[in-house]
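Remember, it's 1-based here, ligands and their atoms both numbered in the order they're listed. In this chain, numbering begins with 1 at the start of the sequence shown.
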Amino acid sequence: MSPARFVLAALLAATLGAPCARADTPPEKAALCAACHGEKGVPIDKAIPVIWGQNEGYIYIQLRDFSRGARQNEQMAAIVAQLSREDMKALAAYFSTLPWPNLLQKSAPDDVVRRAETVAASAQCPQCHQGGYIGASVQPRLADQSETYLLATMRAFRSGARANNDWMTALLKTYSDDDLKTLASYLAGL
Ligand code: HEC
Ligand code: HEC
């Protein structure tokens, strides 16, 4: 190791070192998640969302909302019942650092892309979900998320079954089911 690198390594060891767990060590409770969200980040079922590489703030808020009941899902309710606030924070930090998996979803056909981009522009989806739909902070990444899940969760916002974000509910109420299918197919294929 060169002297400069040695100093850097020593400094890093001093700042990141001892009592804290190493950032690349999975939190203990992460073992609970793989059964559904996948050993390598590919969920075992198309109705289950990707969480590897999802944004940290967003993951934490969802775990919190499942535990408060603002977002309802039986499977996730059983999981969050076993988590403290610290566990949720550690899990959000950990999963956000993992690489987004490739779900091998096909790009949407050109006519679907054109229609989706028109709807997205009128609704200003990229203003919050960012260019490339990778999201940021509390705004979720949508690009290459499972199409089945995207459609289901947009329908759930619209019907009010997913009631943890009034803005998304109000916005999606103004679009038809065909629009949601178009958006889901487009986003999944990005
Ligand atoms: C028994 C299966 C199961 C297990 C185990 C499980 N999940 Fe989930 N998870 C789901 C399902 C199903 C959904 C989608 C719920 C919905 O449609 O609203 C979900 C949704 C989520 C979401 C919301 C993602 C989004 O895009 O909105 C997060 C975050 C999440 N899970 C994190 C975790 C973490 C962290 C663990 C481990 C501590 C875990 N899950 C364990 C089934 C599971
Ligand atoms: C004003 C900002 C804003 C705009 C505009 C917006 N969103 Fe969102 N969206 C959010 C936020 C914030 C969340 C996270 C809500 C939560 O915490 O549950 C979200 C959540 C979502 C989710 C759930 C993702 C998941 O993993 O469960 C989908 C899908 C989505 N938005 C699609 C869209 C689409 C499609 C458009 C355009 C038609 C759009 N959004 C416009 C802010 C926005």
Side-chain angles (χ1 to χ4, degrees), residues 26-39 41 43-84 86-96 98 100 115-130 133-159 161-176 179-188 190:
E28 189 194 332
K29 300 279 173 61
L32 290 172
C33 320
C36 297
H37 292 281
E39 295 287 349
I44 56 149
D45 182 311
K46 292 185 188 334
I48 302 176
V50 169
I51 58 170
W52 280 38
Q54 185 52 277
N55 297 307
E56 180 175 352
Y58 176 73
I59 296 178
Y60 171 71
I61 285 181
Q62 300 316 300
L63 295 174
R64 184 200 67 186
D65 286 357
F66 282 125
S67 72
R68 288 179 176 172
R71 183 171 175 184
Q72 298 200 341
N73 176 268
E74 273 180 27
Q75 288 166 304
M76 281 306 297
I79 293 291
V80 293
Q82 307 170 52
L83 305 178
S84 67
E86 275 57 47
D87 290 332
M88 293 180 195
K89 290 198 157 164
L91 288 163
Y94 171 69
F95 282 108
S96 69
L98 300 179
W100 189 275
R115 273 191 289 142
E117 284 177 347
T118 309
V119 174
S122 75
Q124 306 197 324
C125 319
Q127 255 76 345
C128 297
H129 292 283
Q130 310 283 313
Y133 291 93
I134 55 164
S137 169
V138 300
Q139 279 122 13
R141 170 175 171 147
L142 306 176
D144 200 22
Q145 181 55 279
S146 156
E147 179 173 355
T148 305
Y149 168 76
L150 282 172
L151 181 57
T153 211
M154 286 192 285
R155 283 174 169 164
F157 270 134
R158 202 176 44 175
S159 71
R162 177 171 172 179
N164 66 331
N165 189 285
D166 294 344
W167 165 266
M168 283 303 306
T169 296
L171 178 69
L172 294 180
K173 276 204 160 105
T174 61
Y175 291 93
S176 69
D179 291 333
L180 300 195
K181 286 185 191 151
T182 304
L183 287 165
S185 158
Y186 167 69
L187 294 166
L190 290 177

Novice: Hey, what do you get for CG (Asp45) to NE2 (His37), rounding to the nearest 0.5 Å?
Specialist: 10.5 Å

Novice: For atom 27 (O) of ligand 2, grab the closest protein heavy atom and report residue, atom and distance to one decimal in Å.
Specialist: Tyr149 OH, 2.5 Å

Novice: For ligand 1, find out whether one of its N or O atoms is nearer than 3.5 Å to an N or O atom of Lys29.
Specialist: no

Novice: What protein heavy atom lies closest to atom 38 (C) of ligand 1? Include the residue and the distance to one decimal.
Specialist: Cys33 SG, 2.7 Å

Novice: One residue to check: Tyr175. Relative to ligand 2, which of side chain, backbone, both or neither has a non-hydrogen atom less than 4.0 Å away?
Specialist: neither

Novice: Does a donor on one side chain sit under 3.5 Å from an acceptor on the other, for Tyr175 and Thr182?
Specialist: no

Novice: For residues Leu91 and Lys29, report the shortest heavy-atom separation together with the two atoms involved.
Specialist: CD2-C, 4.0 Å

Novice: Of the protein's non-hydrogen atoms, which lies at the shortest distance from atom 17 (O) of ligand 2, and what is that distance?
Specialist: Gln62 NE2, 2.9 Å

Novice: Give the residue, atom name and distance (to 0.1 Å) of the protein heavy atom nearest atom 2 (C) of ligand 1.
Specialist: Cys36 SG, 1.9 Å

Novice: Please report the closest heavy-atom contact between Trp100 and Asp144, naming both atoms and the distance.
Specialist: NE1-O, 3.4 Å

Novice: For ligand 1, is any non-hydrogen atom under 4.0 Å from Leu63's backbone (N, CA, C, O), its side chain (CB onward), both, or neither?
Specialist: side chain

Novice: Using every non-hydrogen atom in the two residues, find where Leu150 and Ala188 come nearest and quote the distance to one decimal.
Specialist: CD1-N, 4.0 Å

Novice: Between Gln54 and Arg141 (side chain of the first, backbone of the second, donor and acceptor by atom type, cut-off under 3.5 Å), is there such a pair?
Specialist: yes

Novice: What is the minimum heavy-atom distance between Ala47 and Tyr149, and which atoms define it?
Specialist: O-CD1, 3.5 Å

Novice: Please say whether more than 12 non-hydrogen atoms of neighbouring residues, nucleotides or ligands are located less than 6.0 Å from NZ in Lys173.
Specialist: yes

Novice: For ligand 1, note which part of Pro49 has a heavy atom under 4.0 Å away: side chain, backbone, both or neither.
Specialist: side chain

Novice: Identify the closest protein heavy atom to atom 18 (O) of ligand 2: which residue and atom is it, and at what distance?
Specialist: Arg162 NH2, 2.7 Å

Novice: Give the minimum heavy-atom separation between Leu190 and Ala143, together with the two atoms involved.
Specialist: CB-CB, 4.0 Å

Novice: Would you say the side chains of Asp179 and Ser176 form a donor-acceptor pair under 3.5 Å?
Specialist: yes

Novice: Residue-level breakdown please: for Gln72 versus ligand 1, do any non-hydrogen atoms fall below 4.0 Å on the side chain, on the backbone, on both, or on neither?
Specialist: neither

Novice: Among all the protein's non-hydrogen atoms, which is closest to atom 5 (C) of ligand 2, and how far away is it?
Specialist: Gln124 O, 3.3 Å

Novice: At what distance is the nearest protein heavy atom to atom 39 (C) of ligand 1, and which residue and atom is it?
Specialist: His37 CD2, 3.4 Å

Novice: Count up the protein N, O or S atoms sitting under 2.8 Å from atom 8 (Fe) of ligand 2, would you?
Specialist: 2

Novice: Are Asp87 and Ser84 close enough that a side-chain donor and a side-chain acceptor fall under 3.5 Å?
Specialist: yes

Novice: Polar-atom distance check: Arg71 versus ligand 1, any N or O pair below 3.5 Å?
Specialist: yes

Novice: Of the protein's non-hydrogen atoms, which lies at the shortest distance from atom 25 (C) of ligand 2, and what is that distance?
Specialist: Tyr58 OH, 3.0 Å

